[in-house]
2 protein chains.
Amino acid sequence: MHQTTMKRIAGELGVSITTVSKVLNNHADISDATRSRVLAKVEELGYQRNAVARSLTLRRTHTLGIVIPDLMHSFFVEIIAGIEPVASVRGYGLLLCSSSEDAGKERAELEMLRGRQVDGVVLASANASGNTDVLLQLTRQGTTLVMIDRDDHPSVKCHRVLTDDERVGVLATSHLADAGRRAIAHIGGPPIVHAKRREKGWRDALKARGIKPPDEWIVRGGFMESDGYRAMKRLLTVRPKVDAVFCANDPAAIGAMKAIWEAGLRVPDDVAVVGVGDIALGDLLRVPLTTVGWSRRDQGKHAAELLLNGLEGEGDPPQRVIIPPRLIVRESSGPHR
Amino acid sequence: MHQTTMKRIAGELGVSITTVSKVLNNHADISDATRSRVLAKVEELGYQRNAVARSLTLRRTHTLGIVIPDLMHSFFVEIIAGIEPVASVRGYGLLLCSSSEDAGKERAELEMLRGRQVDGVVLASANASGNTDVLLQLTRQGTTLVMIDRDDHPSVKCHRVLTDDERVGVLATSHLADAGRRAIAHIGGPPIVHAKRREKGWRDALKARGIKPPDEWIVRGGFMESDGYRAMKRLLTVRPKVDAVFCANDPAAIGAMKAIWEAGLRVPDDVAVVGVGDIALGDLLRVPLTTVGWSRRDQGKHAAELLLNGLEGEGDPPQRVIIPPRLIVRESSGPHR
DNA sequence: TGGCTTGACTTTACCGGTAAAGCATAGTAT
DNA sequence: ATACTATGCTTTACCGGTAAAGTCAAGCCA
């Protein structure tokens, strides 16, 4: 129950606490004799430096805060799996927070991390819309911040690890066009930059092929399955018929497929579907989903490296790292008819 | 870049630091006037108590260490998902460590947690065989410990959250017997209590049906897919033929199925297979796997509650919480022939 | 021989809080 | 008028470390 401290070691050895501290910090001005006596005692008592006390004086906790919206989503866990080894070898601990997709809880978690004096925070794609002020407070306090998959909060100067959303749209749309589809609709996301860029990619890919999408080919909504379902219902009434749809994310794509099946049509025979995100289980659906994904693990790895480089060396100016997206072809975008 | 401290607040208000501290800790001996002046200043400056400094004096970090063998295994994440909400509402942070199934790294992580003065540690089913000494050091230091899915290290006095391994064996075996199987073999795990208990359940269930398993019906090995594969190869040579196999865990069961297919036989037509653990994707296999599982989330929840109750109130004596296992029937144990 | 280094520590101050004890002032009891 | 008791603060010590400055004896140079 009683902690071993430097005081105890110093006492038993008849030296000062500072001497013990110096040995453990490899200072040069300690004789070999004393050094080994101290080291032996440390070994004997199984002494471990008290990280809390060190943090207080050094003003470094060697801890990173990780804020994710949901633990049960495989891609956030993959992000953490990308962060963990990098942090671990450099001696940093990870303080894990789940915001449960709730801006209020996210705010509370960020405040908590501020109080705990974490050296850095990785904020993974949460809906932090209201929490700009807390983020600013954090950075002002000297905490390095990295945002993953978010490109808003322009006032917050921090590193960002993103994918190339326009390219996401181009990849998906070109793939559908190459597969012989002509009427390629788009189920857009909510009004956030990422969704808008995916839409732009869709437009660009069509334009490159001389296709000018009529207004009815696009329905904007949200990122949920139900949004995709509703949007597809609308798209199915368009004449001439749409024969493919690029959805802003995977849940929306799943909703779209449901609407297609409900209308008695087949995927991909009547309508091809492509999503974005490569969520787990996407290949286990009734019709495995073609999607555009990117390595979450790389995102985590880059985020951790940006953070730690900033902490250890001189802080680079805020950087944007782009993780390239890639097309994952499954059955939902198979050949026409 | 500059931290706001109580000193600053006290200075601006012309009161002592202790007064500020007392306000924030709701001490009674502060006048309403002073109290609100302090509170107003706290609000104005966006002040947050420095948790590091508090931890040092209070000798409480309000942090739990979580050690899991692998982040990418869904059940460890589920355990964390069970812990997180409990810890979060009580104001505890989670320090996440992954041992990557490596006893050396696990040891290092535990040492790290000791240095960081975490109030409690949840140790999820890692192969900590060699690390008893660190665990003892931790508990001696006053850290509460909860082990999940491990019932060894008897010298370490701590709470344990387990499942009923004998019942696991009984459930699996009875299910196979009820499905009309007569020659129910067992692929046992490594020589650890959990595997032994599952084996005992298998024996008991057979005995209850008047079946006396010959020695060739059991092959013991490890928990890996390759172990299951090798074991099944052996079992397929047994005469009279075995028509079902209960495997000590899911990976072994998957290995067993591979061996069965390789021999030109079918699952479940020729040999029925049941595993243990309900790993993710178990239902996405070529033949979805019947298995015995239990709620990892409940395990996490119970672990967190045991820990925090011990920390907040008076420490209960080490407890054993048993999470009931349940059978999950899929196709690999379907009807004979 | 006195002054100057150098090596090997020790002393002191501080990190940002909290708890216990101390200390005026005013009000109450006697 | 004297002693007692709240009330509302402040002073002091401490948590377990680290860094900067100080000490002190031995060795060196001129």
Side-chain angles (χ1 to χ4, degrees), chain A residues 1-39 41-42 45-63 91 112 114-119 141-142, chain B residues 1-39 41-42 45-63 91 112 114-119 141-142:
Chain A
M1 203 71 189
H2 237 66
Q3 255 251 111
T4 319
T5 66
M6 288 196 177
K7 189 171 176 180
R8 163 123 180 252
I9 293 182
E12 298 201 7
L13 252 35
V15 299
S16 74
I17 295 177
T18 303
T19 302
V20 178
S21 172
K22 285 188 169 179
V23 169
L24 292 169
N25 288 316
N26 277 313
H27 284 229
D29 60 346
I30 298 289
S31 68
D32 286 352
T34 307
R35 183 177 300 277
S36 39
R37 283 206 313 142
V38 170
L39 257 18
K41 204 54 153 179
V42 164
L45 300 179
Y47 171 74
Q48 263 260 325
R49 292 227 271 309
N50 183 323
V52 176
R54 295 193 83 212
S55 295
L56 186 58
T57 29
L58 297 178
R59 335 195 80 207
R60 271 302 188 71
T61 51
H62 286 270
T63 305
M112 191 265 255
R114 185 158 74 95
R116 284 174 182 261
Q117 314 291 118
V118 294
D119 299 334
Q141 193 181 305
Chain B
M1 202 72 189
H2 238 63
Q3 254 251 110
T4 320
T5 65
M6 288 194 176
K7 188 173 177 180
R8 163 123 179 251
I9 294 182
E12 297 200 7
L13 252 36
V15 298
S16 75
I17 295 176
T18 304
T19 302
V20 178
S21 172
K22 286 188 168 179
V23 168
L24 293 169
N25 288 316
N26 279 311
H27 284 228
D29 60 346
I30 300 290
S31 68
D32 286 352
T34 308
R35 183 178 299 277
S36 40
R37 282 208 310 144
V38 170
L39 257 17
K41 204 53 156 181
V42 164
L45 300 179
Y47 172 75
Q48 263 260 323
R49 292 228 273 310
N50 182 325
V52 176
R54 295 193 83 215
S55 296
L56 187 57
T57 30
L58 297 178
R59 334 195 81 205
R60 271 302 187 73
T61 51
H62 285 267
T63 304
M112 191 265 252
R114 185 157 74 94
R116 285 174 180 261
Q117 315 290 118
V118 294
D119 299 334
Q141 194 180 306

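Values below: every heavy atom of this structure, side chains too, minus hydrogens, waters and symmetry copies. In what follows, chains are A, B, ... by sequence order, proteins preceding strands, each numbered from 1.
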Residue set satisfying salt bridge (Lys or Arg N to Asp or Glu O under 4.0 Å) with A:Asp29, at least two apart, ordered chain then number -> A:Lys22
Any side-chain heavy atom of A:Tyr47 within less than 4.5 Å of one from A:Leu24? yes
Across all chains, not counting sequence neighbours, the side chain to side chain contact (heavy atoms under 4.5 Å, CB included) partners of A:Ser31 are A:Ala33, A:Thr34
By salt bridge (Lys or Arg N to Asp or Glu O under 4.0 Å), B:Arg114 pairs with (sequence neighbours left out) B:Glu111
As a check of understanding: the bend across the helix from C:dT1-D:dA30 to C:dT30-D:dA1, end axes from five pairs, rounded to 10 degrees, works out to 60°
A:Ser36 meets the side chain to side chain contact (heavy atoms under 4.5 Å, CB included) criterion, sequence neighbours left out, with none
For residues 47-60 of chain B, the salt bridge (Lys or Arg N to Asp or Glu O under 4.0 Å) pairs (sequence neighbours left out) are none
side-chain hydrogen bond (donor to acceptor under 3.5 Å, both in side chains) filter on A:Asn50, not counting sequence neighbours, yields none
Whole-Å distance, B:Leu13 CG to D:dT10 P, equals 10 Å
Under a 4.0 Å heavy-atom criterion, the protein footprint on nucleotides 8-18 of chain C, written with B, S and -, is BBBBB--BBBB
Contacts of A:Ser55 meeting side chain to side chain contact (heavy atoms under 4.5 Å, CB included) (sequence neighbours excluded), chain-then-number -> A:Thr61, B:Val52
